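Data block below; observations after.
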Amino acid sequence: MDRSALIEAVGRRTAGGGELSADQIGRVVDALFGTVAEAGAIAETLKTGGAVTLVGFGSFHQKDGEAALRPGKALNEFVNDEVGRAG
């Protein structure tokens, strides 16, 4: 999924909740993830040695000097079709 597809998918998911335009969603995506010209909030936090945690999704952090994502339990379960299974 590229940036345009992400913006379109977010637009479909939020269509009934507030009528966000593609431009508005694009600005939010850029603010989070950054652009070629300007770092986003996640990159800025990692550069200062911090981590960004999105409960259920996972955390962005530095590992051995590189940016990494540690997936959360909910994300792993969804990707592996394990949602709702008793463990």
Side-chain angles (χ1 to χ4, degrees):
M1 175 181 283
D2 65 11
R3 180 182 180 277
S4 295
L6 176 61
I7 291 168
E8 184 178 317
V10 170
R12 282 193 307 273
R13 292 218 172 237
T14 61
E19 304 303 322
L20 296 174
S21 70
D23 184 57
Q24 290 170 317
I25 296 167
R27 288 196 314 263
V28 171
V29 167
D30 291 347
L32 286 171
F33 299 104
T35 64
V36 173
E38 195 171 328
I42 294 171
E44 289 174 345
T45 300
L46 296 178
K47 187 173 183 173
T48 64
V52 175
T53 302
L54 304 172
V55 176
F57 182 80
S59 65
F60 296 92
H61 60 282
Q62 283 194 51
K63 182 176 182 178
D64 301 325
E66 293 191 8
L69 168 67
R70 181 181 306 124
K73 181 180 178 189
L75 177 60
N76 274 327
E77 287 178 353
F78 179 80
V79 169
N80 293 307
D81 291 325
E82 297 172 349
V83 175
R85 289 188 194 174

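The shown structure was predicted, so the numbers you read here are calculated from the model rather than taken from an experiment. Note that these values count all heavy atoms, side chains included, but never hydrogens, waters or copies made by symmetry.
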> What pairs of residues pass the salt bridge (Lys or Arg N to Asp or Glu O under 4.0 Å) test when at least one of them lies in residues 52-74, not counting sequence neighbours?
Replying inline: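 For residues 52-74: Lys73-Glu77.
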>> If I compare all heavy atoms of Leu46 with all of Ala67, which pair ends up nearest, and what's the gap?
In response: CD1-CB, 3.8 Å
>> Ignoring hydrogens, what is the shortest heavy-atom contact between Gly56 and Ala74? Give both atom names and the distance.
In response: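 Here Gly56 and Ala74 meet closest at O-CB, 3.4 Å.
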Output the distance between atom [atom1] ([X]) and atom [atom2] ([Y]), rounded to the nearest 0.5 Å.
{"X": "Leu75", "Y": "Leu69", "atom1": "CG", "atom2": "CG", "value": "7.0 Å"}
{"X": "Glu82", "Y": "Asn76", "atom1": "CD", "atom2": "CG", "value": "8.0 Å"}
{"X": "Ile42", "Y": "Leu54", "atom1": "CD1", "atom2": "CG", "value": "6.5 Å"}

>> Contact between Ile25 and Thr14 at the side-chain level, heavy atoms closer than 4.5 Å - yes or no?
In response: yes
> salt bridge (Lys or Arg N to Asp or Glu O under 4.0 Å) with Asp23: which residues, sequence neighbours excluded?
Replying inline: Arg27
> Going by the side chain to side chain donor-acceptor pair (under 3.5 Å) test, which pairs reach into residues 30-49, not counting sequence neighbours?
Replying inline: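 Non-adjacent pairs meeting side chain to side chain donor-acceptor pair (under 3.5 Å): Arg3-Asp30.
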> Are Val79 and Val55 linked, directly or through other ILVMFWY residues, by side chains that come within less than 4.5 angstrom of each other?
Replying inline: no
